[in-house]
Amino acid sequence: MTSAILHVDMDAFFASVEMARHPELRHRPVIVGGLGPRGVVSAANYAARAFGVHSALPMAIARRRCPRGAYLQPDGAEYRRVSKAVMRIFRDVTPLVEPLSVDEAFLDVTGARRLFGEPVAIARSIRERVAAEHGITCTVGVAQTKFIAKLASTKAKPDGLLVIEPDGVLDFLHPLPVSDLWGVGERTAASLARLGLHTVGDVAALPVARLKAAVGQAAALHLHELASGRDARAVTPHREEKSIGAEVTFDVDVSDPAVLRKALLELSDKVAGRARRAGYAGRTVAVKIRFGDFRTISRSRTVHEPVDVARDLFTMAHALVTENAEGHPLRLVGVRLEGLVESDRLARQPALGEPEHGWRQAETTVDGLRERFGSKAVRPASLLDPAPGDL
DNA sequence: TCTGGGGTCCTAGGACCC
DNA sequence: TCTGGGGTCCTAGGACCC
């Protein structure tokens, strides 16, 4: 039996969720994104796209192009809630669901056919249920492999369904521009253009060795496979998390050490909390620093004892930032925990003669309070106004 | 026009070990 | 005295995706 893979993609997801819960927005351009001075568009419905508004566009430009649009701040909690409910619909069909992000997933329905019928019938019923239960539309691509299924859904957007039969793959694939290949962005497309490669068919026809010279070993092999219509990757329901991080872009560049310190404390608190909730600790602490001129660097430090306590994370992150950014106005700072290990498998042994510092216990208690009373209920003392206490 | 926030993966160089 | 090759870990940067 040949395999059958679905790629399901919510249409303009954040904007669609907002329209579903605010029906008065139905017939207006809806733009969801950061409302601050440096915000960008996260999602735009199709009415807004007609004005040239799209994801990643600076909000300032969006407002100029579409002055009468409805502009909304993203509500991540609501989008996650709808996302979970939609993923449950998928899991009613098959346990082989691989979420790619909050708004799209692969489904391997090879084994679901006996129960639910042909893939196209499964795709239709998923689209109907999502619309009926959540008031939003999605697009489904159906094919034998992940990449072709994803490409099919991209081409069928919005509110569509497209099946690519195995014997139709190359006719569908080869005329498309190289930028449709997964992993080809602006830079790689430019490299390929220098070799005279413009379509997917051009890439498929080129010997891999020549491709390697242009884009490197791994990318060359990957692109050549995809361009030839081959994609052996399985749908993988559970993927290990590799890192947990948070970052913030300031409304105006920050030079004040106290403001920077407070931001790092908040980020550390957020990241450590998420790590503990997920049952992880990390051996590598990484910071990201973006200067006023947009130059961006990253610095990291690996330690022997994995970290999941905000106090420790903050101490390391703050040191990394001050060592590398002292005196420069900063546009952005970020904190990330890498090299994750499951924290229940950790043998914690306080160093000899060193009293267990107790922060972990304190923060675990705080986790419990936040669980019961909300995330704003308990905050580090130095996040409270006025002015920071000493540390 | 002026560039978010969450991630993943790859490359390359250097340290260190065998 | 000059010079090896492979493997692993760490760090930094960059491309890419949604």
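Letters A, B, ... mirror the listed sequences (proteins, then strands); counts begin at 1.
- Contact check, A/Arg295 against B/dT3: no side-chain N or O comes under 4.0 Å of OP1 or OP2.
- For the C1' atoms, the distance from C/dC16 to B/dG4 is 16 Å, rounded to whole Å.
- Distances shorter than 4.0 Å separate none of the side-chain N or O atoms of A/Thr284 from OP1 or OP2 on C/dC10.
- The residue A/Val248 sits close only to the backbone: its heavy atoms come under 4.0 Å of sugar-phosphate atoms, none of a base.
- A distance-only check finds a donor-acceptor pair linking the side chain of A/Thr139 to the backbone of A/Gly160 [under 3.5 Å].
- Close to C/dC18, at under 4.0 Å from its OP1 or OP2, lies a side-chain N or O of A/Lys150.
- For the pair A/Ile136 and A/Val17, the tightest heavy-atom approach, listed with the atom from each and the gap, is CG2-N, 4.0 Å.
- Cluster membership check: A/Val53 does not share its hydrophobic cluster with A/Phe13, using side-chain heavy-atom separations under 4.5 Å among Ile, Leu, Val, Met, Phe, Trp and Tyr.
- Toward the 5′ end of DNA chain B lies the nearest nucleotide of A/Arg65, the other residue of the pair A/Glu247 and A/Arg65 mapping further downstream.
- Between B/dG6 and A/Arg336, no contact under 4.0 Å exists linking OP1 or OP2 to a side-chain N or O.
- The shortest heavy-atom contact between A/Gly229 and A/Val169 is CA-CG1, 4.2 Å.
- If you check every strand for non-hydrogen atoms under 4.0 Å, A/Ala219 touches nothing.
- Contact annotation: the side chain of A/His198 never approaches that of A/Val178 to less than 4.5 Å [non-hydrogen atoms, C-beta and beyond].
- Using a 4.0 Å heavy-atom cutoff across all strands shown, A/Leu100 reaches no nucleic acid atom at all.
- Mapping A/Phe14 and A/Ile61 onto DNA chain B by nearest heavy atom places A/Ile61 at the nucleotide closer to the 5' end.
- Remark: C/dC17 base-pairs with B/dG6. Criterion, Watson-Crick or G-U wobble with two distances under 3.5 Å.
- OP1 or OP2 of C/dA12 lies within a sub-4.0 Å distance of a side-chain N or O belonging to A/Arg299.
- A sub-4.0 Å separation between OP1 or OP2 of B/dG4 and a side-chain N or O of A/Arg290 is present.
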From CA spacing to verdict: salt bridge (charged side-chain N to carboxylate O under 4.0 Å, His left out), A/Asp253, A/Arg38: CA-CA 11 Å; A/Asp253 295 349; A/Arg38 290 172 167 174; 2.9 Å; yes

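- Residue A/Ser55 is classed as having no contact, given no heavy-atom separation below 4.0 Å to the nucleic acid.
- Residue A/Gly245 is in sugar-phosphate contact alone, with no base atom involved, counting any heavy-atom pair closer than 4.0 Å across all strands shown.
- Between A/Asp293 and A/Arg331 there is no salt bridge, since no side-chain N of the basic residue sits under 4.0 Å from a carboxylate O of the acidic one.
- The pair A/Arg261-A/Asp256 fails the salt-bridge criterion, with no side-chain N (NZ, NE, NH1 or NH2) lying under 4.0 Å from an Asp/Glu carboxylate O.
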Every protein N/O within reach of nucleotides 13-17 of chain B N/O, cut-off under 3.5 Å:
none

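- A/Val41 comes within 4.0 angstrom of nothing in the nucleic acid, heavy atoms only.
- Note on A/Gly34: nothing from the nucleic acid sits closer than 4.0 angstrom, heavy atoms only.
- Phosphate contact (OP1/OP2 of C/dT11, side-chain N/O of A/Thr302, threshold under 4.0 Å): present.
- Residue A/Ala218 is classed as a sugar-phosphate contact, given heavy-atom separations below 4.0 Å to backbone atoms only.
- Counting any heavy atom pair closer than 4.0 Å across all strands shown, A/Gly39 reaches no nucleic acid atom.
- The side chain of A/Ser42 sits closest to B/dG4 out of B/dG5, B/dG4, C/dC10.
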